[in-house]
Amino acid sequence: MKILIIIPAYNEQESIVQVVRDLTSQTFPPQHVVDYIIINDCSSDRTKEICERNHLNILHLPINLGIGGGVQTGYRYALEHDYDIAVQMDGDGQHDPAYLSTIIEPIENDELDMVIGSRFIRKEGFQSSGLRRFGIKILKVLIRLCSGVTIYDATSGFRAVSRPLIQLFAADYAQDYPEPEAILTAALQGFRIGEKPVVMRERQGGQSSIRAFSSAYYMLKVSLSLLICRLRGRRNIHLEGEKE
C-alpha cells in the first residue's frame with residue numbers, strides 16, 4: 001500500500017521543518033510505504049531555502065497557483081508515481097500526523113473513498129474562531145442540500161483519498177475554495193465520503209489565507225461556488241485507465 005502525504009506550503013518557513021519531523025517520526029504498519037512531498041507554491045519567504053538546506057522532499061512551483069493548484073499538483077504527482085492513497089496535510093503545523101492511520105484505515109479497508117479529519121466530532125483541541133465555526137456550519141448545510149452528504153468540518157485540509165479520487169482530482173480540482181468544493185464534487189460523482197475525529201492545533205506560523213475581515217466575503221463566494229458546482233451536476237470526467 002503506497003501512501004503519499006501531500007503538504008502544500010506557501011510561506012511556511014516557521015513551521016515546515018517541524019511538520020516533516022513530526023511526520024517522519026511516526027511509525028506505520030510494515031505493509032505501508034509512506035512518502036511525502038512538499039508543494040512549494042512559489043513562497044516569497046525562506047521556505048524554499050529552508051527545505052533545501054534540510055534536504056526535504058520538495059517540488060517548487062515556478063509561479064503561485066494558490067492552494068487549489070498546489071494541491072492538484074500533489075495529486076498529479078501521486079497519480080504519476082502510482083500511489084494508492086493520498087493524504088493532504090497542511091504545512092502550518094495544525095494537523096497532527098499521529099492521526100494519519102485514523103483517516104487512512106477506512107480507505108485501506110474499502111469502507112470510504114474520502115476521509116476527512118474533523119475537529120468538530122469530539123470537539124477537542126483547537127476549534128477555530130466563532131465566526132469561522134458559524135461559516136463552516138453554513139457550508140455543512142449547503143453541502144447536505146446539494147448532495148445529501150453531511151460533513152461537519154468541510155474546510156478541513158486534513159483528508160485522505162483513494163486511488164480513484166486521486167485520478168479525479170489530478171484531472172479536475174477546484175482552485176479557489178478546494179476543500180468544500182472537492183467534497184461536493186466527489187459526492188456528486190458517487191464517491192463514499194466520511195469523517196473521523198482528530199485533534200487539531202493552532203497554526204505554528206505564517207498566516208491563514210482566510211483573514212477575519214474577509215471571512216464574510218469568503219463565505220459568500222464559496223457558497224455561490226458550491227451552488228454552481230451543484231447546477232453543473234454530475235460531470236463525466238474521463239479518468240486515466242478507464243475504459244471508453
Side-chain angles (χ1 to χ4, degrees), residues 8 10 65-72 75 87-96 99 102-103 106 112-161 165 168-169 172-203 206-235:
Y10 178 71
L65 296 181
I67 182 63
V71 172
Q72 186 176 20
Y75 281 123
V87 181
Q88 291 174 228
M89 194 176 86
D90 287 353
D92 59 15
Q94 288 193 85
H95 301 154
D96 187 344
Y99 290 93
T102 299
I103 63 174
L112 294 170
D113 299 297
M114 175 188 283
V115 181
I116 298 164
S118 173
R119 74 202 103 170
F120 300 136
I121 294 177
R122 293 180 180 166
K123 297 184 179 179
E124 298 174 342
F126 180 63
Q127 297 289 292
S128 192
S129 68
L131 180 60
R132 289 196 189 180
R133 291 198 303 272
F134 177 73
I136 291 168
K137 287 180 180 179
I138 293 176
L139 294 179
K140 179 188 73 173
V141 173
L142 278 173
I143 291 172
R144 184 168 59 200
L145 289 173
C146 290
S147 68
V149 174
T150 299
I151 298 296
Y152 290 91
D153 200 352
T155 65
S156 170
F158 194 25
R159 55 184 63 186
V161 304
L165 269 176
L168 173 64
F169 292 153
D172 182 73
Y173 196 71
Q175 299 302 302
D176 292 330
Y177 313 105
E179 287 88 2
E181 283 191 56
I183 294 170
L184 183 55
T185 297
L188 293 176
Q189 293 288 329
F191 289 99
R192 300 163 298 173
I193 307 170
E195 291 178 286
K196 288 292 182 179
V198 301
V199 176
M200 292 191 187
R201 305 172 290 206
E202 291 192 63
R203 61 168 41 247
Q207 292 182 321
S208 171
S209 59
I210 308 171
R211 308 292 174 81
F213 69 84
S214 63
S215 293
Y217 180 63
Y218 169 88
M219 280 305 307
L220 176 61
K221 289 194 70 177
V222 73
S223 298
L224 289 173
S225 183
L226 289 173
L227 292 173
I228 291 170
C229 182
R230 178 63 185 91
L231 289 172
R232 291 168 65 189
R234 296 175 180 268
R235 294 167 296 164

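- Under the side-chain contact (heavy atoms from CB on, under 4.5 Å) criterion, Glu179 pairs with Ile67, Arg159, sequence neighbours left out.
- Every residue meeting the ring-ring contact (aromatic ring centres under 6.0 Å, His included) condition with Phe158, not counting sequence neighbours, appears here in chain and number order: His95.
- Smallest separation of non-hydrogen atoms from Val87 and Ala160: CG2-CB, 3.8 Å.
- The line from CD of Glu195 to CD1 of Ile121 is 4.5 Å long, rounded to the nearest 0.5 Å.
- Residues passing the side-chain contact (heavy atoms from CB on, under 4.5 Å) test with Asp113, sequence neighbours excluded: Ser162, Leu165, Phe191, Arg192.
- Scanning for ring-ring contact (aromatic ring centres under 6.0 Å, His included) contacts around Tyr173 gives Tyr75, Phe169, with sequence neighbours left out.
- Sorted by first and then second residue, the salt bridge (Lys or Arg N to Asp or Glu O under 4.0 Å) pairs involving residues 149-158 (not counting sequence neighbours) are Arg119-Asp153.
- Counting all heavy atoms, side chain and backbone alike, Ala186 lies closest to Ile193 at CB-CD1, 3.8 Å.
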Listing, residues 135-151 side-chain donor-acceptor contacts under 3.5 Å, not counting sequence neighbours, or none:
{"residue": "Ser147", "atom": "OG", "partner": "Ile143", "partner atom": "O", "Å": "2.7"}
{"residue": "Ser147", "atom": "OG", "partner": "Val149", "partner atom": "N", "Å": "3.2"}

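- In this structure, NZ in Lys196 is found 13.5 Å from OH in Tyr99, a value given to the nearest 0.5 Å.
- Counting all heavy atoms, side chain and backbone alike, Val115 lies closest to Pro106 at CG2-CB, 3.8 Å.
- The shortest non-hydrogen separation linking Leu168 to Gln189 is CD2-CG, 4.2 Å.
- The structure places CD1 of Ile183 at 3.5 Å from CD1 of Ile116, a figure rounded to the nearest 0.5 Å.
- A pairwise comparison of heavy atoms in Thr102 and Pro197 identifies CG2-O, 4.2 Å as the closest pair.
- Taking 4.5 Å as the limit, some side-chain heavy atom of Val222 sits within range of a side-chain heavy atom of Pro180.
- Judged purely by atom type and a 3.5 angstrom limit, Asp92 uses its side chain to pair as donor or acceptor with the backbone of Gln94.
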